[in-house]
Amino acid sequence: MEERALQIRHACRDDLRALLDLYQHLNPGDERPRLDLAAQALDRFMTYPGSGIFVGEADAVMVCSCTLIVVPNLTRGGRPFGLIENVVTHRDFRRRGFGARILEAASAGCYKVMLMTGSTSPETLSFYAGAGFEQSKTGFQKRRIAVRTDA
């Protein structure tokens, strides 16, 4: 399959409808926020230096995204760390390296980035390992929304 150019950038308000559509490839049937609430959330992201919702486009189609929160830090020489969430690639564009490329772009500037997945799918775990992530820590979470059942 031919390699397509991937343009990676921060999401803007004009991207919200396409981004919410893309998220259906992450959590099919997930409740969509109202567009005004999504715009408010995106505006808040823009106030955190280095943080944001990264989007990747190929052939004028939004094909992948991830969210990065950059946390200031007083260890590791003052270098920040990052938290990644909502990693998604459009179902029709998977296995082309787009997901790994957007994760690499998002994590630049952080001494480490962390993410958690609820998936036990060997394909998903292999994807993260192939993107340079290692399963090396124990994670805990406290949820206010039920865990997905498609893991």
Side-chain angles (χ1 to χ4, degrees), residues 3-16 18-28 30 32-33 37-58 61-148 150-151:
E3 176 66 22
R4 297 181 184 189
L6 182 68
Q7 302 298 316
I8 298 173
R9 60 179 174 77
H10 283 270
C12 65
R13 277 184 169 225
D14 291 342
D15 296 319
L16 284 175
L19 186 58
L20 294 176
D21 288 344
L22 181 62
Y23 285 152
Q24 289 299 305
H25 293 268
L26 176 64
N27 296 311
D30 194 33
R32 294 169 70 112
L37 295 177
Q40 290 172 17
L42 182 60
D43 288 346
R44 285 193 302 274
F45 271 113
M46 293 179 185
T47 67
Y48 301 127
S51 300
I53 299 173
F54 288 76
V55 295
E57 295 177 320
V61 175
M62 188 178 296
V63 299
C64 59
S65 179
C66 72
T67 300
L68 172 72
I69 302 297
V70 175
V71 182
N73 188 27
L74 295 177
T75 64
R76 304 296 183 177
R79 292 184 301 276
F81 62 90
L83 305 171
I84 291 180
E85 182 68 22
N86 297 329
V87 179
V88 60
T89 300
H90 188 292
R91 196 166 268 102
D92 296 340
F93 291 85
R94 292 181 181 163
R95 293 180 179 44
R96 299 182 192 184
F98 294 155
R101 287 169 54 199
I102 201 162
L103 285 171
E104 182 63 29
S107 63
C110 295
Y111 92 88
K112 74 173 175 181
V113 290
M114 298 174 280
L115 62 80
M116 292 178 61
T117 181
S119 177
T120 56
S121 159
E123 182 177 275
T124 300
L125 301 178
S126 177
F127 161 73
Y128 286 123
F133 289 80
E134 61 183 51
Q135 234 177 336
S136 61
K137 292 195 174 198
T138 301
F140 295 89
Q141 63 178 336
K142 184 175 183 179
R143 298 185 65 93
R144 300 207 183 332
I145 295 178
V147 174
R148 288 189 340 218
D150 65 336

Colleague: Checking side chain to side chain contact (heavy atoms under 4.5 Å, CB included) between F133 and each of V113, L125, T117, which is the one that passes?
Modeller: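 So the option named by the test is V113.
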Colleague: Taking the side chain as every heavy atom from C-beta outward, state whether R9 and D15 have any atom pair closer than 4.5 Å.
Modeller: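 The answer is yes, as the side chains (C-beta and beyond) meet within the 4.5 Å cut-off.
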Colleague: Can you find a pair of side-chain heavy atoms, one from Y48 and one from V70, that are under 4.5 Å apart?
Modeller: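 No, side chains not in contact.
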Colleague: Set out, in order, the CA-CA distance, both residues' side-chain angles and the distance that settles side chain to side chain contact (heavy atoms under 4.5 Å, CB included) for R95 and T89, then state yes or no.
Modeller: CA-CA 9 Å; R95 293 180 179 44; T89 300; over 6 Å; no
Colleague: How close do A131 and L103 get, heavy atom to heavy atom, and via which atoms?
Modeller: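 Looking at all heavy atoms of both residues, the shortest contact is CB-CD1, 4.1 Å.
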Colleague: Would you indicate whether the side-chain heavy atoms of L83 and M116 approach each other to under 4.5 Å?
Modeller: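 No; the side chains remain at least 4.5 Å from each other.
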Colleague: Should we say atom CZ of R32 is surrounded by more than 12 heavy atoms from elsewhere, each under 6.0 Å from it?
Modeller: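 It does: R32 CZ has more than 12 such atoms within range.
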Colleague: In sequence, state the C-alpha distance, the side-chain angles, and the governing distance for Q24 and D30, and then conclude on side chain to side chain contact (heavy atoms under 4.5 Å, CB included).
Modeller: CA-CA 7 Å; Q24 289 299 305; D30 194 33; 4.2 Å; yes
Colleague: L115 and I84: which non-hydrogen atoms are nearest, and at how many Å?
Modeller: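 Minimum heavy-atom contact is CB-O, 3.5 Å.
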Colleague: If we only count heavy atoms from C-beta on, is the R13 to D43 side-chain gap below 4.5 Å?
Modeller: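 Yes - at least one pair of side-chain heavy atoms lies under 4.5 Å apart.
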Colleague: Taking the inter-plane angle between the rings of H10 and F54 on a 0 to 90° scale, is it parallel (under 30°), tilted (30 to 60°) or perpendicular (over 60°)?
Modeller: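 The rings of H10 and F54 sit tilted, inter-plane angle from 30° to 60°.
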Colleague: Check L19 against I53 and note the closest heavy-atom contact, atom names and distance.
Modeller: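 Smallest heavy-atom distance, with atoms named: CD2-CG2, 3.7 Å.
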Colleague: Please give me the minimum heavy-atom distance between V87 and C66, naming the atom from each residue.
Modeller: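 Smallest interatomic distance, heavy atoms only, reads CG2-CB, 4.0 Å.
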Colleague: In the structure I gave you, are the side-chain heavy atoms of H25 and R94 within less than 4.5 Å of one another anywhere?
Modeller: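 When only atoms from C-beta onward are counted, R94 and H25 do touch, with a gap below 4.5 Å.
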Colleague: Closest approach of F127 and A100, non-hydrogen atoms and distance?
Modeller: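 Residues F127 and A100, closest heavy atoms: CE1-N, 3.6 Å.
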Colleague: Measuring only between side-chain heavy atoms, which start at C-beta, is S65 closer than 4.5 Å to Y23?
Modeller: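 Yes, at least one pair of side-chain atoms sits under 4.5 Å.
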